[in-house]
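One structure is given below, encoded as structure tokens.
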Amino acid sequence: MLRIACPYCGTRDEVEYHCGGDAHIVRPGPDVSDAEWSDYLFNRENPKGVQLERWCHVFGCGQWFNVARDTLTHEIHAVYPMGQPAPELDR
Amino acid sequence: MMAEVGVALAGSVRCRNMKGYSASSLVRNALQGHRYWKPLWRNPKLKKSYAVVIIGGGGHGLSTAYYLAKKHGVRNIAVLEKGYLGGGNTGRNTQVTRSNYFWPQSAAFFDHSLRLYENLSHELNFNIMLSQRGVLTLAHSHHQMESLRRWANAIRINGIDSELMTAGDIKKLVPLINLHARYPVHGGFIQRRAGISRHDAVAWGYARAADTHGVDIIQQCEVTGFDVADGKVTGVRTTLGNVSADKVCIAVAGNTSVLAAMAGFRVPITSMALQAMVSEPVKPCLDTMLTSSVIHMYVSQSDRGELVFGGGADPYTSYAQRGGIPIVEETVAALLELIPAFSSLRLMRQWAGTTDITPDTTPIMGKTPVRNLYISGGWGTGGYKAIPAGGDTMAHTIANDDPHPLIADFGLERFERGALIDEGGASGVAH
């Protein structure tokens, strides 16, 4: 069971949240090639280690925020608001 | 015809390594106190160079090696396994084999696999304990029954058996079922040729047969990098030293993204933990496999008597090979609602495997952006049923440097072309 610290509500169980996948993905402009567009749509880093991802506190405040979480140990290294750059992490 | 080919091959396995299994060998070894059984495969040293290196000693890696050696006459093959043979998803799945797919490409591929499974015990001279007890997919509303009718008919149009069932038919087949549950059972459809088999036996049978054909199976050997020159793979780096290879195949399930990153290309995969669990063993009480996408649960009874069941994947990226309690609770609750009599059973074990899930839940097979480097991945939550066909078609692909016709649409390039094969519904439960 993950225990995630919502920046607005405090620490709650994982069942209150929805994981929205990779954070910091930038949508390319309308004039990109098929290769760039499919890379944006489908390809994922999927790291074995720290991943920067978006979570939504769906059964709470309903707010989105970012989490830096290790996909191998499930350890959460940082929680930070949407729109902020990724924190410096030793990874 | 398949049976004849299988018997002929079983014969060849027997005479080459002189350890073929038969009723007489069982009796002979029993009379000798079982002291003279030989190991199923050698434990060779890693050589400096191979024609083909296959990364991953699970079902797909081993079957690919076997068919490369047997059907394409490739000598000098190595299978590199970082842990122990069949210790990843091959040993963690719920052993189901079926071909009840919607789209023609998937149906052709998975039915080829089921047909190979039907003859695999003969082919490998190893009892994989295939039991074709059927897979019964449930509908819980009038509208879902309509969509299952469409699915079941698509399967028949694909040339594969499927049969619609009323709630009454289902009650006869599964007397313990509670038709009037929170989500009442309206009906369903069954593929009777589907079934379960013993997953360890599939890994061991392919390993033994591959070894007999000269394949080096190297366990405890982790690949740490690739040697690439002019866009072409020339070898792999491992924890046991560097190996040069003409061709390399990645068959590593949940770790596909990690290996692809080492080779310098990206894949549309998310790795997630998929759990399964078993109850204590009881006498036979469920002789088909039940699955429901609405209550998110599938269950069968193993020949040891345990109920083997699972549900959805843990809903976030994970390489941990363990799952969380929320999914266990959800899955057990769904099982008990459907079959209340199971509430008196104790849960014996629970575990998870790392599944590599693609956007369309269709595998990624074929060539990669690196020449002579091939991929058999994206098996997600359904790789076990595909082991024989996956190996057969990948072996063809590697030997000819050209995708086998059955997997021509499964290539990595389908995402750029927008030619996805959406089988999200075919897994029976949403992942």
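Labels below follow one simple rule: chain letters A, B, ... track the order of the sequence lines, proteins then strands, and each chain is numbered from 1.
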Nearest heavy-atom contact between A/Leu72 and B/Arg322 is O-NH2, 4.5 Å
So, the part of B/Ile327 with a heavy atom under 4.5 Å from chain A: the answer is neither
Side chains of B/Val258 and A/Lys48: does their closest heavy-atom pair fall under 4.5 Å? yes
By residue number, those in residues 26-44 of chain A with heavy atoms under 4.5 Å from heavy atoms of chain B are A/Asp34, A/Ala35, A/Ser38, A/Asp39, A/Phe42, A/Asn43, A/Arg44
In short, B/Pro315 meets A/Cys19 closest at the heavy-atom pair O-CB, 3.5 Å
Can you see whether B/Ser271 engages A/Asn46 through a side-chain donor-acceptor pair at a distance of less than 3.5 angstrom? yes
One should read off an interatomic distance between B/Thr317 OG1 and A/Glu45 CD, to the nearest 0.5 angstrom, of 11.5 Å
Okay, B/Asn255 and chain A: the region with an atom under 4.5 Å from a heavy atom over there is side chain
Are there over 12 heavy-atom neighbours, none belonging to B/Tyr183, within less than 6.0 Å of that residue's OH? no
Whatever's closer than 4.5 Å to a heavy atom in chain A on B/Val267 counts as backbone
Ranked by heavy-atom pairs below 4.5 Å to chain A, first place among B/Ser257, B/Gly324, B/Gly418 goes to B/Ser257
Residues of residues 8-15 of chain A with a heavy atom under 4.5 Å from any heavy atom of chain B, in residue-number order, are A/Glu14, A/Val15
Does B/Trp351 CH2 have over 12 foreign heavy atoms under 6.0 Å away?
yes
For A/His74 and B/Tyr316, take the angle between the two ring planes, folded into 0 to 90°, and tell me which bin it lands in: parallel under 30, tilted 30 to 60, perpendicular over 60.
perpendicular
